There are 2 protein chains.
Amino acid sequence: MTETRDRIVDAAVDLFRVHGYTGTAMKQVVAAADAPFGSVYHHFRGGKQELAAAAIERAGVVYRDLVLGILDAEDDVVTGTRAVFDAAAAVLDATDYADVCPVATVALEVASTSEPLRAACDTVFADWIDTLAGRLEHGGGPPAAARSAAIAFISLLEGGFLLCRTARTPEAMRANGDVAVAVVAGAVDR
Amino acid sequence: MTETRDRIVDAAVDLFRVHGYTGTAMKQVVAAADAPFGSVYHHFRGGKQELAAAAIERAGVVYRDLVLGILDAEDDVVTGTRAVFDAAAAVLDATDYADVCPVATVALEVASTSEPLRAACDTVFADWIDTLAGRLEHGGGPPAAARSAAIAFISLLEGGFLLCRTARTPEAMRANGDVAVAVVAGAVDR
DNA sequence: GTCTATACTTTGATAGAC
DNA sequence: GTCTATCAAAGTATAGAC
């Protein structure tokens with residue numbers, strides 16, 4: 001049996017992904033987590049903000065490991081990049097364009113409103129960029145090029161989520177996959 | 001004197017940009033527009049959704065013309081692309097990372113919640129992609145390559161807004177500008 | 001026709017019953 | 001210690017006074 005606290009965080013991640021931060025009510029979270037209403041304030045004294053910070057942190061780890069799992073399963077980072085964008089397009093199609101990155105949605109909502117949540121999102125993105133840059137360096141690229149390529153990789157992935165989700169079409173993720181592959185190849189081949 | 005309706009829409013655009021759709025209250029909008037509360041429902045019988053649809057449409061036109069103005073001021077689309085990303089980085093820095101694209105924030109919030117608003121955001125993005133692809137074709141590129149490059153252009157710009165706003169650093173917009181320039185150059189040079 | 005005052009719902013959060 | 005019942009505040013929307 002999963003811990004109540006974990007169920008609440010997981011439910012928050014799912015709901016933030018679809019409705020965003022302000023669009024998600026605490027009552028929805030506890031209902032989805034099948035937990036009594038009071039328990040959320042027992043586990044998160046800081047209320048909604050503290051819960052959101054935990055959800056962002058958790059989503060950051062889950063999505064990073066998801067991408068790394070696909071990336072590392074391939075022989076090199078270039079074909080790995082292709083696989084990541086293909087998988088993203090497949091997931092979008094399979095989930096009716098609902099299952100996207102919750103961090104981006106929350107980040108845009110709270111960046112100018114809540115400093116602790118902005119910082120939590122920043123930590124996640126910085127971790128993603130650092131981890132990805134490390135893989136590209138390991139693939140043979142110089143540090144500066146690897147970092148820039150990692151930033152473009154994340155931007156193309158998030159931009160693809162945005163456009164695909166809005167258009168309900170996988171086209172943008174395919175187009176961005178081509179560009180990401182070229183960027184990664186350029187950062188590695190020297 | 002500007003029309004009351006226009007002032008309300010402009011105020012909504014500004015507030016959506018900073019607080020998002022669900023994070024913006026109707027009372028904030030009418031206060032910012034310096035209009036009496038009832039007038040918003042006089043002009044927008046459909047309530048908040050109808051106001052948001054008008055705000056998205058308006059933001060789409062304003063931002064498109066802003067980007068085109070910078071792009072067309074340069075001799076070719078490649079140097080124009082450089083200018084657009086440089087300008088975006090400068091605006092972010094000048095506005096303390098608050099002044100970003102309102103369409104992306106709202107799109108991620110409502111894509112799975114409100115079909116009319118999702119459609120409004122889709123119309124805006126499709127218009128941006130079509131217009132940009134037209135400029136790239138005019139620059140000498142084949143249609144399919146121009147369209148893919150336009151999609152990557154928008155993704156890199158929106159991804160840059162996301163990462164820069166969260167990190168409060170212009171780094172991502174600089175890195176993405178380099179990639180966008182390379183993508184546009186590749187789509188035009190044949 | 002314009003706008004003020006209000007109705008009703010939902011929100012985040014808590015106090016006190018078990 | 002866990003959870004139910006409730007609170008005050010804020011949300012959208014409207015009805016009716018000018």
Side-chain angles (χ1 to χ4, degrees), chain A residues 1-56 102 105-106 108-110 112-118 120, chain B residues 1-56 102 105-106 108-110 112-118 120:
Chain A
M1 182 59 179
T2 25
E3 290 286 340
T4 303
R5 198 195 128 102
D6 288 341
R7 286 210 319 279
I8 292 174
V9 173
D10 287 343
V13 170
D14 286 346
L15 287 166
F16 287 168
R17 197 163 51 187
V18 179
H19 301 103
Y21 175 70
T22 43
T24 299
M26 295 291 259
K27 298 189 180 183
Q28 294 177 34
V29 175
V30 294
D34 201 23
F37 187 75
S39 68
V40 70
Y41 285 93
H42 170 71
H43 291 291
F44 304 94
R45 180 76 81 75
K48 196 179 186 182
Q49 277 210 8
E50 192 182 322
L51 167 60
I56 290 164
T105 308
V106 175
L108 286 176
E109 279 185 276
V110 303
S112 304
T113 308
S114 163
E115 178 55 23
L117 291 186
R118 197 228 87 215
Chain B
M1 181 60 178
T2 25
E3 289 286 339
T4 303
R5 197 194 129 102
D6 289 341
R7 285 210 320 278
I8 292 174
V9 173
D10 287 343
V13 170
D14 285 346
L15 287 166
F16 287 167
R17 196 163 52 188
V18 179
H19 301 102
Y21 175 70
T22 45
T24 299
M26 294 292 257
K27 297 187 181 183
Q28 294 177 34
V29 175
V30 294
D34 200 25
F37 188 74
S39 69
V40 70
Y41 284 93
H42 171 70
H43 291 290
F44 304 95
R45 181 75 81 75
K48 196 179 184 182
Q49 277 208 11
E50 192 182 323
L51 168 59
I56 289 164
T105 308
V106 175
L108 287 176
E109 279 185 276
V110 303
S112 304
T113 307
S114 164
E115 179 55 25
L117 291 186
R118 197 227 77 195

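Convention: sequence-line order gives letters A, B, ...; per-chain numbering from 1. Just so it is clear, the model here is predicted, and its values are computed rather than measured.
Along DNA chain D, the nucleotide nearest A:His42 and the nucleotide nearest B:Gly46 are compared for position; the residue whose nucleotide lies closer to the 5' end is A:His42.
Atom OH of B:Tyr41 and atom C1' of C:dA5 are 15 Å apart (whole Å). Rounded to a whole Å, the NE2 atom of B:His43 is 11 Å from the C1' atom of C:dG1. Residue B:Gln49 contributes atom CD, which lies 12 Å from atom C1' of D:dT12 at whole-angstrom precision. Atom CZ in B:Phe37 sits roughly 19 Å away from atom C1' in D:dC18 (whole-Å rounding). In this structure, B:Glu50 places its CD atom 11 Å from P of D:dA13, rounding to the nearest Å. In this structure, A:Met26 places its CE atom 12 Å from C1' of C:dT14, rounding to the nearest Å. Atom CG of A:Leu117 and atom P of C:dG12 are 13 Å apart (whole Å). Straight-line distance from the NZ atom of B:Lys27 to the C1' atom of D:dA13: 10 Å, rounded to whole Å.
Here the side chain of A:Pro36 is nearest to one of C:dC3, D:dA13, D:dT4, namely D:dT4.
Here the closest non-hydrogen pair linking B:Gln28 and B:Gly23 is NE2-O, 4.0 Å.
In this structure, A:His43 and A:Val9 have side chains that are not in contact, with every pair of non-hydrogen atoms separated by 4.5 Å or more.
Figure legend: B:Lys48 and B:Tyr41 shown without cation-pi pairing, the cationic atom not lying both under 6.0 angstrom from the six-membered ring centre and within 45 degrees of its axis.
The closest side-chain donor-acceptor pair between A:Thr105 and B:Glu109, if any, does not fall under 3.5 angstrom.
When heavy atoms are screened at a 4.0 angstrom cut-off, A:Thr22 is found touching no nucleic acid atom at all.
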